[in-house]
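Report on the following structure.
FYI, side chains are in, hydrogens and waters are out, and symmetry mates aren't considered; it's all heavy atoms of this structure. Just so it is clear: chains get the letters A, B, ... in the order the sequence lines come, proteins before strands, and each one is counted from 1.
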Amino acid sequence: MSTVVDNKANLGGITDSYSDFENLESAQNTKIRVQKRIKVDLPEEITKDESVEYFLARAAVRAPRVPTSDIIDDVSEKSPEILEKWTGTVTRLDEENNLFFGNLVRSSGEEEQGEFALEELSETERNFVEEGASFVWTLMYRDIGGTRLKISQFYFRRLPPISDSEWEKARQEAKRIGAKLGIQ
Amino acid sequence: MNKAKIEIEGLSVVLVGSLNPMIFHPKWFQSVKLLTEEDVKDAEVSVITGDVAQFVLGNGVRIVVVHDRMTMSVSDMSKKEFVYDLIIKTLNVLYHTPIKAVGIHHNIHFRVSERTYYDKIGHTLAPKELIWNKVLKKAGLERLTIRGCDSEDKDESVRVHVESSAKVSQGLFVSSHYEKKLSSSEEYVVETAEKAGKYIEGSWDRALNKCTEVAEMIFAEIKP
């Protein structure tokens, strides 16, 4: 049975994470282990078939104790934990000192100013830095195995330039609003 | 939200229409300046044929194209702007492509701190006393789907699912699905790629906030 199915527990119903079939599976595994260990201690009058039933019954009782969650979760898909995210606009590029400056808006809406070293950007992202460029700055944790990395990620937006028709629409809209407000 | 912790979060954007999978190679995206050299250098191509194109970019964004749909997905929300930009630019380049519908899907797997609380959420969302306990033993909620509207647009439909997670044990999976119909198959399709782009622009934020809004509401209204 795949891990995916093993993990699936109904919401508010079955009181442990196992279906009956899964209990049996666990029980069978437990039986094999237990039989190997204490086979010599079985009273002579217990037949082989009876011992299987005995161990199955014992193992079924024990089944819910089998560790579940953290062991069988597939953590390879775990998403990074985003700590904070800002959207920004470059206000000045200082190539002499390898710096750029930007207005930032935190995810909570709070506005800030920032100064960043160009070194913090990948080669590709550096090509997009210019006055007025929009970017996203994300701070996050990413767990890889037992290691937690704190990552600062810059992404410069690659939106297509505004088309002529969009400019025209914007002009018309501005005119319409201006006329309503009595501004020419 | 300390009663529950986000373990996996992802999004996908789906375009339904008439597409030619053969052209969708990372190098094509680079050649039409939709992606940079760095974006495509670590791309892992699974398959590109006349029927299907599937590859994952170095940053984890997965692209799958078959004749009637294109899906871009990622399980790293720090890449959501990248996906947005890429889908908008792709629609700009493929402006003549007939697109019948657009979907914006968002999902979050939460790990719920306490088993009793996890069960309480299920019992509250789908009480068992009235019917289920009378007809079934160990009745449990597996999946709840609510359909509704989030705008005045009659061609937009919104579905929200709340279900037990298949990936996280003692996990709650919440997903939202925004779908916009752009044209019926009988209609002559014109400017649908542009319409698809406009829809994504106008609905992106609300489509990607709904899951969190639903989850926050569940964790706030249902006390441990």
[X] vs [Y] aromatic rings, parallel, tilted or perpendicular, using cut-offs 30° and 60°?
| X | Y | result |
| --- | --- | --- |
| B:F29 | B:F55 | perpendicular |
| B:F219 | B:F110 | perpendicular |
| A:F135 | A:F100 | perpendicular |

Is it the backbone or the side chain of [X] that comes under 4.5 Å from a heavy atom of chain A, or both, or neither?
| X | answer |
| --- | --- |
| B:N92 | side chain |
| B:F173 | neither |
| B:K198 | side chain |
| B:N133 | neither |
| B:S75 | both |

Item to check | Under 3.5 Å side-chain donor-acceptor pair for B:T212 and B:N209 | outcome: no

Checklist entry - Would you say the side chains of A:S107 and A:E84 form a donor-acceptor pair under 3.5 Å? => result yes

Checklist outcome for this item: Ranked by heavy-atom pairs below 4.5 Å to chain A, first place among B:K33, B:K79, B:E81, B:K89 goes to B:E81

Item to check | Selection residues 168-179 of chain A - residue pairs positive for side chain to side chain donor-acceptor pair (under 3.5 Å), sequence neighbours left out | outcome: A:E168-A:R171, A:E168-A:Q172, A:E173-A:R176

Could you look at [X] and say if it's the side chain, the backbone, both or neither that has a heavy atom under 4.5 Å from chain B?
| X | result |
| --- | --- |
| A:I82 | side chain |
| A:T138 | side chain |
| A:F128 | side chain |

Item to check | Validation row, ring centre B:H177 to ring centre B:H161 under 6.0 Å | outcome: yes

